[in-house]
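Okay, so here's the structure we're looking at.
Order of listing sets the numbers, starting from 1, for every ligand and every atom in it.
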Amino acid sequence: NGIESVTELKNLRPTDLIKGGLPLGKISELCGAAGVGKTQVCMQLCVNVQIPEVFGGLGAKAIYIDTEGSFMSNRVVEIFNATGNLLKQNFNLNNRNELIKHNFTIDKILSNIFYYRCVDHVQLLACFNNIKILMEKHPQIKLVVIDSLAYPFRFVDFKDSNSMTMKTNILNNIMSISYELINKYNIAILVTNQMTTRITRDVMSNLSSSNLVPALGETWAHSANLRILLSWKNSKRQASVCKSSYLPDTSIFYKITERGFED
Ligand code: GTP
């Protein structure tokens with residue numbers, strides 16, 4: 001598609017769905033219900049983005065903005081080990097020395113994930129202003145994850161018009177900084193989002209999954225260039241492209257194992 005991307009490994013693909021990985025220079029959204037695997041994908045991509053160029057990766061760094069407190073370094077270690085094994089297998093390496101030679105070690109992986117914990121919308125905006133400075137120092141950063149964008153807004157009552165305006169302004173500010181970073185550094189931004197109930201006239205009498213829409217409303221809805229919905233279908237996990245200017249709407253089944261996100 002002429003779009004560079006955060007490289008995927010043979011046999012360990014976040015999905016075949018997005019044809020080569022998460023696009024650089026775009027905002028992607030991963031939405032779905034609680035527990036569907038959004039954080040797992042985010043952690044895996046923080047490892048994948050660091051795969052050395054010699055093994056077909058970007059050899060880059062990542063920023064992880066954690067608003068839910070769900071990032072687990074132990075899980076990153078597990079995913080790193082599995083990724084190392086796949087690289088060994090795919091490149092016929094006898095041992096891990098070749099990976100170590102190219103700095104693909106757990107110490108490097110963890111120290112190349114710049115982690116921010118934000119508990120509310122004010123900290124989230126401050127964090128976005130801070131990462132502008134961080135990225136000047138670390139232009140090797142190619143992935144920024146926000147897990148999740150909607151969560152910090154959940155506990156504030158944004159019902160009156162003043163607070164609604166404040167919420168819209170904060171989201172607009174975050175989007176404007178995101179596009180500034182994308183234009184300057186050609187990074188991939190991945191945002192996770194919850195599902196919420198669409199308020200329609202008949203919603204109370206007919207609550208069904210079709211009434212579930214990604215949270216944050218119209219302001220945000222137009223900002224993501226790629227939207228992937230994670231869901232369950234007949235007790236299998238399913239990932240679907242539901243908004244893209246360069247991919248058809250398709251779905252695949254996936255699993256989450258100790259090795260991470262697999263098809
Ligand atoms: P919310 O943050 O609540 O919105 O959920 P989420 O969509 O981010 O889900 P998350 O990524 O936390 O994934 C949760 C699911 O991943 C669980 O139901 C488990 O099935 C699976 N999972 C989480 N941790 C592990 C792990 O260490 N090993 C394996 N095999 N599966 C895990």
Side-chain angles (χ1 to χ4, degrees), residues 6 8-9 11-15 17-18 21-22 27-49 62-86 106 109-110 113 115-121 123-124 127 143-155 188-198 209 211-217 220-221 224 226-243 251-263:
V6 174
E8 301 174 29
L9 278 175
N11 300 330
L12 183 56
R13 298 176 290 236
T15 86
L17 203 65
I18 47 178
L22 208 60
I27 298 179
S28 302
E29 181 192 46
L30 200 53
C31 55
V36 82
K38 301 179 292 295
T39 302
Q40 302 295 312
V41 177
C42 294
M43 290 188 289
Q44 178 153 358
L45 285 170
C46 287
V47 174
N48 283 14
V49 77
I63 291 176
Y64 200 105
I65 303 171
D66 185 2
T67 66
E68 302 188 359
S70 43
F71 179 90
M72 304 289 289
S73 49
N74 293 355
R75 185 67 177 131
V76 173
V77 174
E78 220 169 42
I79 292 170
F80 160 79
N81 285 331
T83 307
N85 287 340
L86 269 163
I106 190 57
I109 294 295
L110 290 175
I113 301 173
Y115 177 83
Y116 289 84
R117 174 79 174 99
C118 297
V119 297
D120 59 30
H121 56 293
Q123 283 189 3
L124 185 63
C127 171
L143 174 67
V144 176
V145 170
I146 303 112
D147 184 22
S148 73
L149 184 58
Y151 197 76
F153 294 94
R154 274 190 163 186
F155 306 105
I189 297 189
L190 178 64
V191 170
T192 68
N193 197 1
Q194 283 95 20
M195 303 301 281
T196 189
T197 311
R198 189 201 302 268
S209 59
N211 287 320
L212 290 177
V213 291
L216 292 173
W220 160 249
L226 168 67
R227 172 176 282 159
I228 298 163
L229 172 68
L230 302 184
S231 57
W232 277 281
K233 189 172 186 189
N234 304 330
S235 68
K236 282 179 160 177
R237 294 177 197 265
Q238 181 177 256
S240 313
V241 169
C242 50
K243 179 193 170 190
S251 299
I252 53 132
F253 290 113
Y254 68 94
K255 288 181 245 160
I256 298 172
T257 70
E258 64 284 2
R259 292 186 296 275
F261 190 93
E262 295 183 289
D263 55 2

_Flag, side chain of R237 to backbone of V36, donor-acceptor distance under 3.5 Å_ = yes
*asked:* Has T257 got a side-chain atom pairing as donor or acceptor with R259's backbone, closer than 3.5 angstrom?
replied: yes
*Considering only non-hydrogen protein atoms, determine which one is nearest to atom 30 (N) of ligand 1 and report residue, atom name and distance to 0.1 Å.*
T257 C, 3.2 Å
*With backbone taken as N, CA, C and O and side chain as the heavy atoms from C-beta onward, which portion of S148 lies under 4.0 Å from ligand 1: side chain, backbone, both, or neither?*
neither
*For E258, does its backbone N or O pair with a side-chain atom of R75 as donor and acceptor, under 3.5 Å?*
yes
*In the protein, which heavy atom is nearest to atom 10 (P) of ligand 1, and how far is it?*
G37 CA, 3.7 Å
_So does A33 get a backbone contact from the side chain of K38, meaning a donor-acceptor N/O pair under 3.5 Å?_
yes
*Does G35 come within less than 4.0 angstrom of ligand 1, counting non-hydrogen atoms of the residue?*
yes
*Nearest-neighbour protein heavy atom for atom 8 (O) of ligand 1, which is reported as residue plus atom name and distance*: T39 OG1, 2.8 Å
_Closest non-hydrogen atom pair, Q194 against A150_ = OE1-CB, 3.2 Å
*Which bit of M72 is near ligand 1, meaning a heavy atom under 4.0 Å away: side chain, backbone, both or neither?*
neither
*Taking only heavy atoms of A33 into account, list the atoms of ligand 1 that are under 4.0 Å away from them.*
7 (O)
_Shortest protein heavy-atom distance from atom 21 (C) of ligand 1, along with the residue and atom involved_ = I256 CG2, 3.9 Å
*atom 29 (C) of ligand 1: which of Q40, K255, R237, R75 has the nearest heavy atom?*
R75
*Numbered atoms of ligand 1 (with element) below 4.0 Å of E258, judged on heavy atoms*: 30 (N)
*Parallel, tilted or perpendicular for Y115 and Y64, by the 30°/60° rule?*
parallel
*At what distance, to the nearest 0.5 angstrom, does CD1 of I189 lie from CG of L22?*
10.5 Å
*What part of E78, side chain from CB on, backbone N/CA/C/O, both or neither, has a heavy atom under 4.0 Å from ligand 1?*
side chain
_atom 2 (O) of ligand 1: the protein heavy-atom neighbour that sits closest, reported with distance to 0.1 Å_ = E68 OE1, 2.9 Å
*Taking all heavy atoms of T67 and all of Y151, pick out the closest pair and write down the distance.*
O-CD2, 3.3 Å
_So, regarding K38 and ligand 1 (criterion: nitrogen or oxygen to nitrogen or oxygen, under 3.5 Å), is there a contact or not?_
yes
*List for me each residue that meets side-chain contact (heavy atoms from CB on, under 4.5 Å) alongside N85, sequence neighbours excluded, and say none if there are none.*
R96
